[in-house]
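Scroll down for the structure; my scribbles are underneath it.
Protein chains get the first letters and strands the later ones, always in sequence-line order, with residue 1 at the start of each. As the structure is a computational prediction, the values presented were derived from the model and not from experiment.
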Amino acid sequence: MEHASHALGPVLVEHASYLWLVPLFPLLGALVNVLFGWRFERSGKKSLVHVVAVGAMALSFLTAAYAFVQMLHLPAERRFLQNTLWNLFSAGRVTVDLAFALDPLSMMMVLIITFIGTLIHLFSVGYMWEDEAKAYWRFFAWLNLFVFSMLLLVMGDNFVLMFFGWEGVGLCSYGLIAFYYTDREKAAAGMKAFVVNRFGDFGFLAGLFLLFWGLGGAWAASCHTGGPSYQATPGMHSLAGASDAAASLALAPRVSLREHAAPAKHGAPAGHAAPAEHAAPAEHAAPAEHAAPAEHAVPAEHGAAAEHGTAPGHATASAKGEHGVGAQVMVGPTLNFRELRDQVVIEETGIAEHLKDQRVWGVALLALVGIFLFVGAMGKSAQLPLYVWLPDAMAGPTPVSALIHAATMVTAGVYMVARLNFIFALSPSAMGWVALIGTLTAVFAASIGFFQYDIKKVLAYSTVSQLGFMFIGVGVGVYWAGAYHLLTHAFFKACLFLGSGSVILGCHHEQDMRKMGGLKKYMPITRWTYLIACWAIAGFPWAAGFYSKDEILWKAFTSEHLALFGTATPWLGPAIYIAGLLAATGTSFYMFRSYFMTFTGEYRGGQGHGHEHGEDPHASVAAPHHADPHGHHDAHPAPDPAPAHGAHGHDAHGQAHGGHGGHGHTPHESPWTITLVLVVLAAGAVLCSLLGLPAAWTGHEPLLEQWLSPALTAEVPFVHKPHALEFVFQALGVGAGAIGFVFAWVLYKDNKSKVPAALKEKFLGVWTVVYNKYYVDELYDLVVIRPSLAWSRALSWFDGHIIDWLVNFAGSVARGFAGIDGWIDKHFVDGAVNAVATLTIEGGRTLRRVQTGRIQTYLYGALAGGLAVILLNFLIP
Amino acid sequence: MEQLIGNNLASVAGFRPELVLTFGSIALLVLDLVLRRSRSRRALLAGAAVIVLGLAAVLLAAQSTASTPLFNGMIASDAFATFFKWIFLAAGFLTVLIVAQGDDYPSPRVGEFYGLLLAVVLGMFLMASATNLLTIYMSIELVSMVSYVLAGFRKSDRKAAEASLKYVIYGSVASGVMLFGMSYLYGLLGTFDVLAFAPKIAELSATTGAAGAATKLALVVAVVFVSSGVGYKIASVPWHMWCPDVYEGAPTPFTAFLSVGPKAAGFALALRFFLGSFAGPMGANGMAESIAGIPWPAVIGVLSAVTMTLGNLTAIAQTNLKRLLAYSSIAHAGYTLMGLATLSALGMQGVMIYMLIYLVMNLGAFLVVIVVAEATGSESIFDYSGLVHRHPLAAIAFGIFLFSLTGLPPFAGFTGKWYLFYAVIERASGPAGFWYGALAVVGALNTAVSLYYYARIIRAMFLEAPHVTDRVAPKLGYQLMLGAFSAAILVFGIWWAPIVEWSQRSMVMLRG
C-alpha cells in the first residue's frame, strides 16, 4: 500500500439511480415464491419456481454487471456509485437514508454474490428438484431472500442497512440450515448458528456504538471550548479532558468544510466558519432539513449556524487543492460509511488523530472498537472461538453450504474489516488481534480437517481455515489480498462444495467418504472440477489460491505494524507466516485426501448395480460415462428441469424409477445444470489468478490491487524486501502444498494403503481428540450451555415461587384496600350518592351499582393525586 | 366595538371547517328525522356524515396555515392546530366507517350518533386551537358532554349506562376543578388570554418574600387544577381512573374513537398551554425553559413515568381486551407525556408524530376487538386463542398493531417512540440530565413490560390451539380497513420521512 494517503480527499460520488434494482430483483423473486410458490408447485408448474428465482438472480447480476461497466469507465478516484432512495430516519444530526453505494470493494462483492449466486441457484435446480423436503419453493424463496440480504449488507450506504443485511443473512442462514426442520438435529444446528451469531452481533453493535461515541467526542469536546451554547447529544460530555488535542482544530459538528480561496493553514484558527451549517451536501438527496427540528417552531431565527460561526477557534479545514473547490467533509458522529471514511481519512479534520488519542477505561478506544467489531466478524465469519456453528451448518442443503457458508455470508466479516480498513489501520493492536485470531483459526481448523470422514465437514473446516487466511490478510494490513483471497475462495470453495453436492447426489445422499471411492469413472466432470479446485485451494501456481495465499503470507512476513495490548510485536509477522505455511500444508493434505478418498480406488458404496433406466436424452453433458467399459451402465435420468423441457420430462422421470429410494446404488454423473456450474466455477478458480499476478512477476501492481485501491485507502507500513526473497517464499509455499499433496497421495491414493489405519491405531489418543474436533463442542456444552440451563431453571423456580407469591401478595393487598374502600363507601358516601340517585330517574338502577362501585375512589384519587402534584412542584428544586 | 365585530366577521374566513362541522352536526340530527322511514337509512346517514367530514377536510386543506388569531384572540389558526385537526378528521372519518358497518349503534338512533360525533370533532377542533381560558373550558366541555352521551348511548345496556354515569361524575369534577384553577389564574394574571400569560407571570415572579411564596403557591395550584381538565382528557395519572371503566363499558367503536381523538386533542391543548404560556421561547437548539421557577417539566416527567408504569403494570393483569387496551392507552399517554416534559422542539414533534401513529395503530387494535366481538360476542383474551387459524388476516393485523404499540421496528410505533425517546435523550446531556436519563430508562423498561402483555395476546393468537371454534368472518369493509391500517403501520415503519416532514412543517404555533 504505497498510496500516499496525505493526498486523499473526500469520496467523489457518482450517482447511479438504478442501483436499487440489484437487491430488488432477488427480493421480488423471494416475494413471488413466498406468495405463489406453493401454488406453482401444487398446480404442476413447479419449474416456474426456479424460473422466477434464477431469473431474478440473473437480472440482478446483469444490473450489477452494468454498474461494473459504468464504474470501469470512470476514472479511479471517481469510482463510487451511489443511489439514495429516501430518508429512513433522522434524529438530530444523524441521518440514515435508504441508500445504496458501490465502491470497487463492494462492487467486487456484489459481482461475486450475484454471479456465483446465479450459478448456485442454477445448481440448486438440479439438486433440490427431487428433494424429500417437498418444499422447492421454500428453498428458493429463502435463497433469494438471502441474496437480497447479502446485497443489502454489501451495498448499504450506512451501518444501519449493513446491520439489517447482517441480520437478514443470519436469518436466512438459520432458515436454510434448519431447512429440514423435521429433523431435530438439523433444526438444532440452525438454533446453534443463531445463538453463536447473537454473541457476535453483540460485539458488532458494541464496536459500532463505541466508534459512534468516540466520534461524538471529537466534536463535542471542541464545542465546549468553542461554543458554550451548544447542547451535545448524550455521552459527549463524559469526554472532557480530551478537548485539548482538538482545541486548535475546533470543529463544528457536521459542518461542511469548504475550500476557500486562501486555504487556511492546517490547524490555524482561521475564524472562517462554513456559512451554511445546514446546507446538506448536494449528494444528500434527503428531502428535509433534518438537522434542525427546531427550525420552524422557533421564532428566533434559527441560530445554530450563526452561533457556531462566531465561536472562537472555529477553523476551516480545507481539502487538498486537486479535489477542487467546494469539497465538503462532514465531521461528527455518523452512520454513513462515506462520511466516516472522509473524516477519518482526511488528515485536515484531525479526527484520526483525535480518535487515536481517546481511551476508554485505560484502553485505546480504537483498539476496543476494532476488537469489538472483530468479535462481530468472528461470529459471522466463524473464527475461533465462535466457529462452532459453521460445521454444524452443513446440515443445510449443499447449495446453501456453497453459497452461504463458503462463498458469501461467512465472508461478511472479512468484508466488514476490509471496508473499515481506515479504522483498523489506525490501531495496530486491533490489527494484531485480527491477524492472530485468523492465524490460530487457520491452523486449528485445518488440523480438524485431517481426520473427518464427512465430505462436507472436511469442506466446512477448510472454509473456517481459509477464512482464517483472509483475516490474516486484512489483519496484517494487506487488505486487497484478503479481499482477493475472498474472491478466489468464493470460486474454488463453491466449486468444491458443489462438487461434493454432485457427489452426494450421485451417491444417493451419502456424505461419508469411506463409502465413496472410485467415483472418477462415474462422475468425470465432477472429478475434474473437484481436482482443479483442490489444486487451487492447495496453492499451486496457475490456479488462483496460490496467488492470494502467497500474497497474504508474504505480507504477513514483512509486516511491521502489528501490536498486541498496545505493545509492538515485530515477531508476530514471521510467526504468522510460519503458522500460515503449516496451515497451507495441512490444507493441501486434507483436500487431496478428500479427493483421493472420493474419486480414486474402488467404489465402496451400496451394492446392486441393476435397475436399468431408459436413456435420458438430456444427459448429453454426462454422456462420456455411457461408454464406461465396466458396463456399470448408469442412466439415472437427469432430473432436467430446464424450462424448455417442461413438466413432461419430469413426470416421465418420476414414473421411470418411482422415487429416489427405488433406483440402484450405482453413482451417477449429475445433470447438466450441475456440471455446467461446476465447470464454470472451476474455470473461474483458474482464471481469477490473472487478477492477482504478483508484482514480482509482472512488474506492476496486481490488477485487483489497482482496482481496489480507491476503496482501501489505509496506509500500513511493510518492510521492503527484495523480489528474490519473494520468489523464495513462493517456492516455499508451493513446497508446502506439495508436501501435503505427497502425503495425501501416499496415504490415500486408491485407498489401498494400510498406513492410515496403522497410524490411527498408533496415535489413537491424538486421533480421537482431533477427530472429535478437540472436544470444543463439549467444552461449550460444559461452560456455556449447562450453566445457562441451570440459570434458566433457577429463574423459572424464582418465577414460580417468588414472583407468584408477590403477585398473590399484591392481590391480597388490593383486596384489603378494596375492603377499606368499601367500608368508607358504605359509611360515608352512600348518603350523598343516594341523594343523587333519587334525582336521577333513568339511571336509578345503574346508580345502585355505582353506589357500591368505585367512582368515589376515583375522585378521591384524582383529588389526592392533584394535591400530590402540587406538592411535587415544591419538592422539585 | 366595531373593531371587535369586524374582527369576528373577518375571522369566519378562518373558521370554515368548524362551521361546516357545526351545521353538519345539526343537519345530521335533522336528517335523522327525515330519513326515519328510509330503508337505506344507515347508509345514507353514514354517507351524509362522511360528506360533512369530507367538506370540512376540503375547507381545511384550502385554508391558510399562517398563524393568525381569530375572534379577537379566542382561538388561533396555525399550522400546529391544522396538523391536529387532520388527526381529528381522520379519527372521525374512520369511526364513521366502523360504526356504519357494525351493530354497536342500532339503526334507529345511528343518526343521532353521527350528529353527536361531528359535535365532538368540532369540540376537538376548538381544543387544538383554543388560546383563551374560556374557549379552552368550552371546548373541553363540548367534547366531554357529548362523549358522556355517546358512551352511554345504549340505554338498555347496564354496563354502558354505568360507564357513562361514572364518566359524567368524573368529568364534571375534573372540569369543576379546572374552572376553579382558571379562576385562580384570572385572579393572578388578570386576563383570560393564554398568549398574554407569559409576560404577566414574569411580572408576578418578581415579587419576593412571603407574598412571592404565596403567589407561587397560587400559581402552582392554578396550573395543576387547570391541567386536571387536560389530564383527564388524555387519561394521565392521577386523572386516569375513569378510563378503564368507560372504555370497557362504552360501545367499542366509540371507545376506539375516545382513545385516539380526545387524547390527541388533550395533547394539542397541553402543548399550546404549557409551551405557549409557561415556557420561554425556544432557543436555537430547539429547547425552551419553564418560566417563573415553576418546575412543571419535572412534574410532567414524574407524571409521565408514573402514568406509563401504572398503565403497563395494571394492563398485565387484564383479561378483557378492552380493559387491557384502556390501560395500554394510559401507558401510551405516559410515553407521550415524555415529549411534553422535554419542553423542546423535538419533544413537541415527538408528541405530534406519536399521536398520528397512535391513531392508526390503536384504532386498528380496537377494530380487531370489534371484529372478534362480533363473531364471538366476547372481549376476553381466551377467545383470541388460535385466532390465526380462524381468521389469519385479523390475527396478523392484530399482531402488527400490537408490535407497533410495543414500539418494535419495523413498525410505525417504533418511529413514534424513537422521536419521543430521542427528545428525552437529547435533554439528558443538559441540566438535570440525570433525571431525563432516568425518565428514558423508565420509558424503556416500560416498553419491555408492555411487550409482556402484548405478546400474551400474540401468543394466544398464534401459538395456542383455538378452544372456541366460532368462525370469525369479518365484513369485507373491516377486512379492507385492517389491511389498510396494517399497510400504513408497515410503510411508516420504514418510510417515515413524510410524517416527519409534515410534523416539522406543522410546528408553527401562534405565540403572544
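Heavy atoms only, all atoms of each residue included: B:Val299 and A:Val869 are closest at CG1-CG1, 3.5 Å. The two residues A:Gly866 and B:Pro238 come nearest to each other via the heavy atoms N-CG, 3.8 Å.
In this structure, the portions of B:Val221 lying under 4.5 Å from any heavy atom of chain A include both its backbone and its side chain. There is no contact between B:Leu275 and chain A, counting heavy-atom distances below 4.5 Å. When heavy atoms are compared at a cutoff of 4.5 Å, B:Tyr436 does not approach chain A at all. Using a 4.5 Å cut-off between heavy atoms, B:Val302 contacts chain A through its side chain alone, with no backbone atom that close.
In this structure, B:Tyr148 places its OH atom where more than 12 heavy-atom neighbours from other residues, nucleotides or ligands lie under 6.0 Å away.
Atom CH2 of B:Trp495 is separated from atom CG of A:Leu98 by 11.0 Å, given to the nearest 0.5 angstrom.
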